[in-house]
2 protein chains.
Amino acid sequence: MDTFRNTTSFVSNSDKGIANKAANHMTKNAAKGSQARHDSLGSTAKQAATIKDESVDLLIIGAGPAGLIAACWAAQYDMSTRIIDRKRGPTKTGHADGLQSRTLEILESFGIVDPILKQGVPDVDTCHWATKNSEGIIERQRSFDSEPGGASRFGQVLLSQGAIERVLNDYLIRKGVVVVEWNKEAVSLHVSAAPDENPLLSPITVGVKGAKKYEERIHARYLVACDGAHSWTGNQLNALTDIVSEDSTWGVLDIIPITDFRILYLPAQNTESDRNLADIRRSCSINSQPHGSIMTVPRENRLVRFYIHLRDLEETAMQHPSCSPGAMVEMAKAIMKPYDLTYNHCDWWSIYPIGRRLARHYIPQERVFLAGDAAHTHSPKGGQGMNVSIQDTYNLMWKLAAVITNGANAMILATYDSERRPVAKTLMDLDSRLVQAYEMEEKDTSSGIYEIRGQYAGFIAGIDVTYSDSILVTGKETVDPNLARNIKLGARLPSFLVVFHCDGAPVQLAQRLVSDGAWRLLVFPGDLPIVLISVTYSRFSLSGGAAPTIEFLLIQSCPRSAVNLLDLPELFHPYDDFMGWDYWRVFADDRDQAYTGYGIDKQGPGCLVLCRPDQHVAWVGGMEDVAGLDNYFSIFIGSSR
Amino acid sequence: MDTFRNTTSFVSNSDKGIANKAANHMTKNAAKGSQARHDSLGSTAKQAATIKDESVDLLIIGAGPAGLIAACWAAQYDMSTRIIDRKRGPTKTGHADGLQSRTLEILESFGIVDPILKQGVPDVDTCHWATKNSEGIIERQRSFDSEPGGASRFGQVLLSQGAIERVLNDYLIRKGVVVVEWNKEAVSLHVSAAPDENPLLSPITVGVKGAKKYEERIHARYLVACDGAHSWTGNQLNALTDIVSEDSTWGVLDIIPITDFRILYLPAQNTESDRNLADIRRSCSINSQPHGSIMTVPRENRLVRFYIHLRDLEETAMQHPSCSPGAMVEMAKAIMKPYDLTYNHCDWWSIYPIGRRLARHYIPQERVFLAGDAAHTHSPKGGQGMNVSIQDTYNLMWKLAAVITNGANAMILATYDSERRPVAKTLMDLDSRLVQAYEMEEKDTSSGIYEIRGQYAGFIAGIDVTYSDSILVTGKETVDPNLARNIKLGARLPSFLVVFHCDGAPVQLAQRLVSDGAWRLLVFPGDLPIVLISVTYSRFSLSGGAAPTIEFLLIQSCPRSAVNLLDLPELFHPYDDFMGWDYWRVFADDRDQAYTGYGIDKQGPGCLVLCRPDQHVAWVGGMEDVAGLDNYFSIFIGSSR
């Protein structure tokens, strides 16, 4: 049963068919082993006749959450993109199960957060249980009421990866620009040397095998590998990985539990105020020694996810022929003693070993990018996996598209590594601190887990992630900190409720910062008469590329009536023969949230805030700092403007 | 061009093809004229051979908003329903364009409000313009900032009928129970005498002609006619209509306007505070004498709807061979003098005559129900048409389903007329007062329109609609007014934010009152220990019918931990072998909104609130008033229980 150790992702799925899955998996591994690395298909004439060649700008391998967001992003741009996955179709059940605030903001920026919010379980209470008594039975140690944070409009949503992938796939199908090709497996990879000599060349060749022995060669300018924990692409390139911790083994289970958890057992000495609550619908961590530990996550459709950390049991459990959801529920029940636990419906289950691993380079070779589980793995303790993965490709794709479609200098791509790898590093720290805290707490009465969670709250939510100075993020030292006291360079711009100038309708500013590839220059004039901002920024004339789109948005602090919308420079109300004037780029701070929230003085002198296509703040300058803005872009847009 | 006067709905559509449309229309009218009323198809043997016969519980004629909501409702029940429409497919552009609070609540109860909110234009400012000066040019008289009312979670949304029908049709297709049959025209109607002798008989026979001369006879137990302003069904039955006013003629136009409306013209004497605003994106009424009057409604995708009231111009305009959107824009421009108005894109336009008419009986014959425009027509001034129509069938269908599927006494159906006809009567009053106010204001400086709008605000939003005492609404006199001081018998239950007992997740109570056919008994125990409410209400044993579903929901005022969820009667956490326990029927008033909002004392003595499937309050009683609840149901559920 060594295949369990080599799985690229979860190895078993659903109540049935585990033997088949394992057999399939072994075949795949065997096939992989027999391939020479860096070897393209078609070495004989006979084969060549049946192989199709196609050139694309971008190839994405893997259509999990990271790959799908990459495809959603790519679909905004005028470039050729393909996305392949060796699976037969999208994930249906199981796998990851939580979305944090920032991920929900990203989904909203594609206009697809509503179906996620509708299906998922929103912010729920969290509790911690442990064996702290002489009887070896668990007791509730601590609990926290659900408390939506104020830093994002969104809290946390618990929902299966399958439901999330469905929403992303539906979006791609509706959009019709990039659609996932299932049943297509990458079987060879060749990256030609010195790819940078001509940026329009396609140095990457991927041999692809379809369901019916159909073979083709995809020639790509860029390759994004979202192919999971044991990345095939990473293996082909001998990408180096730092192993931060050895594998630990987890049993994962989605069931509709039938349990008296925190209902029947009420020891007299228990004086907690919430002793009556049905903890099975709260998010619990249960640490029961020597039986092991569990995390429970309440989910959609009455399901509850159980993560069972199989410490010393792992080999036994995995080698036992009766390894089944039933056996796992028995393990969980032992941990949850004295409570009962049974089930009649199991939606999905799996046992998998996982360690903390971090790719040493996110760009292991020029033009090739690792993202998601292919770049980092860790325990499910922080509820982070799918989120950090989605945020990876959300960070990467607009940069790639700027290079491919707008002729931006390819040196901006290095920021993918410098911005995202530190996030995964922090995640490794968080994960190891959480695991330590769980282990410590048997001896100690202080609940370190919650302190750590509190300390990392903004990181876990994804909203505190701040990218450091680079070609794409201006250094603090060059910016007057009084212009916008609460805006952090490199962090995503928080959103506030403003109203449209034209009709008074309220709108969250973030709803205007959609993921369509545009940069946004937010103009906060304070009470100054609107400066006629130089229009040169709206169009960069580049050699060999189109101009990056910059939308100009104006947020005025004065009453709506003080400004005549059509008196403003046309940048703020562009005209189109068919669509007429665009009235939706000028806002008023009528709800008194934005200026205060951003720390910008209403009385002036005002400021300019440049947001990247991913809503992270790139630059902040004074109202007339055209030179600063110019300077920001000129570094990577090229000298000719 | 007399066909314009006979149109059953709008007569022209889109920029092109008016001649065709008119010709089609005349053909249809001619065909109708040649049919004998109350005459079924198939009088010769030859015809009979090609005619299919099918029996259904319910036939809906017309798949506009009223018919579609009827179908969405019917799809919740175990009964056979068909819905036919002679059109080729759903409305694409134009027609009605506004949804009020209550309609949005209804859409939410089917889980389909999100795509409406996403596409539409939310609450915008309103302004009024008129010619009050010697130059005969218009001036802004008054304006009101957008102000979302607190009485509903929803404000107003401006969106084309086409987009709304699309959402309803998509819902029906997903649900797959009742799907619209387009291209099927009712051509004959026969209602047999004394239909009530056996409620299971199908006294209604409708002959239906398909696109390819296909004919069938549908035998239905009940018929709901949503077939528009000049209802074919109403005509067949000689249904009587009160004509409240003569026709007036309206030009209707959806364009992307290009205009300087309130931008260029700033007379020196104008001291208004909002003189700079771009009124074209605000909701305006413009009264320009002698040119006529306009209402503008800002809409999705940069469109603006223009309603042009063609007072004296009507005959000329309609008979003029160049009757076109261009000509209508010229008319609008004359009214909007001194502002300019042009367009490059026209989405839809029409000219139609309409008067205030009200069906004298909503149930013109046993088993036949008129709804929507078939029951009432009026000017577009109040923005009510689609709303009152949707609310008609939303009121009717659960009653019909109770009779068809639950063996409820058919006498409850009379409440459709007694509840909904008074609403249309109030609408007639509102409409005529608005029209008068527009006419008055030329002579008067007071802006009566806004006073009327203010006075009718709750009615216009749809949330003040309160059904009077009947078999389905308990009389005030039998209820202790101190039990729930702010709950109005017969009105829809307002919603407040509560939290789920099981996990602390916040939820609007209304989100639990979905349109699935269930009644809800809301139990507000105050701080009393939970009374073990008699479980007899959960199941009524009826002769020949299934039990109506009653869901029991508990909203506790005490802290969540004071109550052990599974200690409550099983009514509040029903168990199912597959689905386990239902933890989602018990709520706590942790956000301190519900008890205060409903005017129920937190200290007790508590009360019971019974909501009908349409969320209107049917009955309020004391915590132990099992007899009162019993009495409510026994009247129409039958004697045996």
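Note that the structure is predicted; figures quoted are calculated from it, not measured. In the text below, chain A, chain B and the rest are named by the order of the sequence lines, each starting its count at 1.
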Which region of A/Asn301, side chain (C-beta onward) or backbone (N, CA, C, O), has a non-hydrogen atom less than 4.5 Å from a non-hydrogen atom of chain B, or is it both or neither?
backbone
Residue pair B/Tyr575 / A/Asn344: nearest heavy atoms and the distance that separates them:
OH-ND2, 4.0 Å
Inspect the contact between A/Arg560 and B/Asp125 and indicate whether a charged nitrogen and a carboxylate oxygen are less than 4.0 angstrom apart.
yes
If you compare all heavy atoms of B/Val121 against all heavy atoms of A/Asp503, which two are closest, and at what distance to 0.1 Å?
CG1-OD2, 4.2 Å
Please report the interatomic distance CG(B/Asp577) to CD1(A/Ile256), rounded to the nearest 0.5 Å.
11.0 Å
Which atom pair, heavy atoms only, marks the closest approach of A/Tyr583 to B/Thr259?
OH-O, 4.1 Å
Looking at A/Val499, A/Asp590, A/Leu117, A/Asp582, which makes the most heavy-atom pairs under 4.5 Å with chain B?
A/Asp582
What pair of heavy atoms forms the shortest contact from B/Gly111 to A/Lys118, and how long is it?
O-CE, 3.2 Å
I need the minimum non-hydrogen distance between B/Arg302 and A/Gly580, along with the two atoms involved.
NH1-O, 3.4 Å
B/Ala505 and A/Val124: which non-hydrogen atoms are nearest, and at how many Å?
CB-CG1, 4.3 Å
What's the separation between atom CH2 in B/Trp581 and atom CG in A/Asp260, rounded to the nearest 0.5 Å?
7.0 Å
To the nearest 0.5 Å, what is the distance between CG (B/Leu303) and CE (A/Met579)?
8.0 Å
